[in-house]
There are 2 protein chains.
Amino acid sequence: MFESSTIKDIARALGLSTSTVSRALRDSYEISAGTKKLVTDYARKVHYRPNPNALSLKERKSKSIGIVVSEVANHYFSQAINGIESIANSRGYTVIITQTHESLEREIANVQHLAARSVDGLLISLSAETETTSHLEELHDRGLPIVFFDRIPEQINTHKITADNAKGAFDATTHLIRCGHKRIAHISSSAHLSISKERLDGYTKALTENGLSVDHQYIKNCPHGGMIQEELESVFQELMELEVLPEAIFVAGDRLTIGCMHVLKKLNLLNPTSIAIAGFSNSDVLDLFNPSLTSVFQPAFDMGQLATIKLLELIEAKYPVTEFERKVLNTQLFIR
Amino acid sequence: MFESSTIKDIARALGLSTSTVSRALRDSYEISAGTKKLVTDYARKVHYRPNPNALSLKERKSKSIGIVVSEVANHYFSQAINGIESIANSRGYTVIITQTHESLEREIANVQHLAARSVDGLLISLSAETETTSHLEELHDRGLPIVFFDRIPEQINTHKITADNAKGAFDATTHLIRCGHKRIAHISSSAHLSISKERLDGYTKALTENGLSVDHQYIKNCPHGGMIQEELESVFQELMELEVLPEAIFVAGDRLTIGCMHVLKKLNLLNPTSIAIAGFSNSDVLDLFNPSLTSVFQPAFDMGQLATIKLLELIEAKYPVTEFERKVLNTQLFIR
DNA sequence: AATAACTGTGCAATCGTTCCCGAAACGATT
DNA sequence: AATCGTTTCGGGAACGATTGCACAGTTATT
């Protein structure tokens, strides 16, 4: 259907060989100025574009990188993607975005698909369901460059970029304490995720440093990371059935934070006097909420950029890289 | 770096020819059951995956489609993308997402890049800056299948999928009128966009059918579709300097609607008594706003699915398609 | 004038896969 | 015994681009 002209077409039309045309287009020194002009002019005329598949086949690289995130509708991830694209595109790489919707099955399928598509590297934030990472280890062992960001695994030794989740959680929880709340619940994504552990640590530290005890009845997990609204509703159900109700909740995730607000609204608890919420979120509309919401903002764009820079380092490295970095970027507390 | 095993490797290891291996893997009738089993077992063992670049080169197709939208952070587009992916992935196609950020320059760059990447087809919603479409016409004339959705051009003759923008605008404006408002302003994206024209029509129709006059001082455009916040602020400045202030505003776009709320908040006008807002938006958090916001919801997921189905029809057509459809899907008014 | 050096171009292999031919090997038919 | 058909497999070209090597033709050097 959509035929582009090839080097062969140009060679035939101009009575030259394909090698001469190729060299002329790459501005090789061995081609005379006259021939070069002839070729480049004609190539422009027929809209010549090198076939990327042929190049990829020859060079054994595709100049593309794969992204695996939970969902693009999440503002944290869409901002991270913008950061990734800003670097990747400027370096001539195409970006293929895939979504797991927090499902391990889809994560595996996406990763397999990207590998089969022969991407040059992978940028991943794990799904909420992902506990084991053998599907990634195998690819990594076979030499595929991978950089993790946000939700990172412990097992695989490569570059990892995260926000300072413990600090962010500590700040948010401390803020709730300073507002006078003593019984602060914590709702988080699945317990095994790195971000969940780190944010739990920050939450716990804030409580203990302020002389408050950690009540495990107040700590709830959502194994599907808020993709299933019923999950969140039953968590609230459990919290509301406690003999002593929490006064505030620290929520550890973008989607969860929004989900909590919805549940509170449904339960008719969405008013300043009933329960206070603070949570991780990169949404740009939080200031329009009522009651408002104190939030922890992650430098998603910067994280995306940094992750991409490190990935391209791996991809374009002349020799195998053995020293890996673990970068931790600062979060920001927006008090509302 | 990342080497997969090839048909050649398998052939060498098994003492067969590449043709035999290829045929065995494709379950050709000319290969004996024994050889087939030998080959498929070994292929599984070494994790054989056909090289997509080699396939693309041979088949002259890439099994990938390109998407061009304003930005994935927009809920309308992220929902549309989910619809697109649901169809494309199930049919074996990879999706490459690009963002214009409402810039014509980036739209041209993205389209060129996708064409050079030899995608099999294109799914586009035009940027706010796009007035002429020669960059698309050229590709379309050369045979690249394209389907437009949401923001569509008039010039190019192909499948086009939109929501019923006029109806949605009519409904929203009528609702504002029923609430008792008579002076209703209208803020829209750049005037030349199809969606802007259609939504303006619906707005105008609602006013005239209710015996209200159309005041052109009340109609404002944002040529950058809300990507530049100052643009929106100066629009408000102009509205607020009128001798007779509007009582309500109908906003014709997701990003613009959110932007308006921010400006109103900044101007301290975000309260139920000062000004009412209704607008197009697919955001899932509108019900958390205060004051709340009546919104027009577009069936973004369905639009994405439909657009993809029509695109795959074009891509996989045996003979050139000459009959094109213009599908218009219903919007939904959420009164809050 | 003979050789060397350089300039400009073509040939052919290569990347991984498919597919059109051709060709053994074997049994069946005449 | 010669022919035919089947089954099963291999050889090699093709897709588009790059690149080491070879080889004319020209100019410079001795």
Side-chain angles (χ1 to χ4, degrees), chain A residues 1-40 42-43 46-64 92 115-120 142-143, chain B residues 1-40 42-43 46-64 92 115-120 142-143:
Chain A
M1 289 290 263
F2 179 66
E3 304 287 326
S4 304
S5 52
T6 71
I7 266 194
K8 213 177 285 184
D9 297 331
I10 299 177
R12 202 178 314 124
L14 262 37
L16 293 168
S17 74
T18 59
S19 8
T20 305
V21 174
S22 172
R23 272 183 274 251
L25 290 172
R26 325 201 92 239
D27 203 24
S28 161
Y29 69 97
E30 5 181 28
I31 303 294
S32 69
T35 309
K36 269 184 196 168
K37 179 152 171 42
L38 189 72
V39 171
T40 50
Y42 187 81
V46 296
H47 301 105
Y48 170 75
R49 299 244 183 287
N51 182 317
N53 292 313
L55 261 342
S56 297
L57 184 57
K58 184 124 186 58
E59 309 291 331
R60 290 137 157 249
K61 59 185 184 222
S62 63
K63 276 277 188 179
S64 68
R117 272 272 158 197
S118 70
V119 292
D120 295 338
R142 283 167 58 204
Chain B
M1 288 290 263
F2 179 66
E3 305 286 327
S4 315
S5 54
T6 71
I7 269 192
K8 213 177 285 186
D9 298 332
I10 299 178
R12 201 177 314 124
L14 261 37
L16 293 169
S17 76
T18 59
S19 355
T20 305
V21 174
S22 172
R23 271 182 278 252
L25 291 172
R26 328 199 93 239
D27 202 24
S28 162
Y29 69 97
E30 359 178 44
I31 304 296
S32 69
T35 311
K36 269 183 196 168
K37 178 152 171 43
L38 189 72
V39 171
T40 51
Y42 186 81
V46 297
H47 301 105
Y48 170 75
R49 298 243 185 289
N51 182 316
N53 291 314
L55 259 344
S56 297
L57 183 59
K58 189 121 187 57
E59 309 290 332
R60 289 136 157 249
K61 59 184 185 222
S62 63
K63 278 276 187 178
S64 69
R117 272 271 158 197
S118 70
V119 291
D120 296 337
R142 283 167 58 203

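Predicted, not measured: the structure shown is a model, and the values here were computed from it. Chain letters run A, B, ... following the sequence lines, proteins first, then strands; residues in each count from 1. Excluded from the calculations below are hydrogen atoms, water molecules and symmetry mates; all remaining heavy atoms, backbone and side chain alike, are included.
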Nearest-angstrom distance from the residue atom CD of A/E30 to P of C/dT9
10 Å
Looking at A/I31 and A/A24, what are the two nearest heavy atoms and their distance?
CG1-N, 3.9 Å
For DNA chain D, what residues of residues 54-61 of chain B have any heavy atom nearer than 4.0 Å?
B/L57, B/K58, B/R60
Distance-only donor-acceptor pairs under 3.5 Å for side chains of residues 8-16 of chain A, two or more places apart:
from, atom 1, to, atom 2, distance (Å)
A/D9, OD2, A/T6, N, 2.9
A/D9, OD2, A/T6, OG1, 3.4

Sorted by number, the residues of residues 32-40 of chain A with heavy-atom contact under 4.0 Å to DNA chain D
none
In whole angstroms, how far is the P atom of C/dT18 from the CZ atom of B/R26?
5 Å
Which of residues 12-23 of chain A have a heavy atom under 4.0 Å from DNA chain D?
A/S19, A/S22, A/R23
Please list, chain by chain and in numerical order, all residues satisfying side-chain hydrogen bond (donor to acceptor under 3.5 Å, both in side chains) with B/S22, sequence neighbours excluded.
none
On a heavy-atom basis, the closest approach of A/S118 and A/S64 is O-OG, 4.4 Å
When rounded to whole Å, the CG to P distance for the pair A/N51 and D/dT18 reads 10 Å
Test of understanding: with salt bridge (Lys or Arg N to Asp or Glu O under 4.0 Å), list the residues that count as partners of A/R49, not counting sequence neighbours.
none
Salt bridge (Lys or Arg N to Asp or Glu O under 4.0 Å) against A/R60, all qualifying residues, sequence neighbours excluded:
B/E3
Compare side-chain N and O positions of B/Y48 against OP1 and OP2 of C/dT17 and report whether any pair is under 4.0 Å apart.
yes
Considering the terminal five base pairs at each end of the helix from C/dA1-D/dT30 to C/dT30-D/dA1, what angle separates the two local helix axes, rounded to 10°?
80°
Donor-acceptor under 3.5 Å (B/S5 side chain, B/V46 main chain)
yes
Check whether any side-chain N or O of A/D120 sits under 3.5 Å from a backbone N or O of A/S62 as a donor-acceptor pair, and report yes or no.
yes
If every non-hydrogen atom of A/R117 is compared with every non-hydrogen atom of B/K63, which pair is closest and at what distance?
NH2-O, 2.8 Å
Spacing of A/Y29 atom OH relative to C/dT7 atom P, expressed in whole Å:
9 Å
For C/dT14, does OP1 or OP2 lie under 4.0 Å from any side-chain N or O of B/K8?
no
Residue pairs passing the salt bridge (Lys or Arg N to Asp or Glu O under 4.0 Å) test where at least one lies in residues 29-40 of chain B, sequence neighbours excluded
B/R23-B/E30, B/D27-B/K36, B/K37-B/D41
Using the 3.5 Å cut-off, write out each protein N or O paired with an N or O of nucleotides 25-28 of chain C and the distance between them.
none

Please report the distance, rounded to the nearest Å, between CD1 in B/I7 and P in D/dC9.
15 Å
For the pair made of CD1 in B/I10 and C1' in D/dG10, what is the distance, rounded to whole Å?
17 Å
Tabulate atom names and distances for all N/O pairs under 3.5 angstrom spanning the protein and nucleotides 24-26 of chain D.
none

Which residues share a salt bridge (Lys or Arg N to Asp or Glu O under 4.0 Å) with A/E59, sequence neighbours left out:
none
Atom CG of A/L25 and atom P of D/dT18: how far apart are they, to the nearest Å?
8 Å
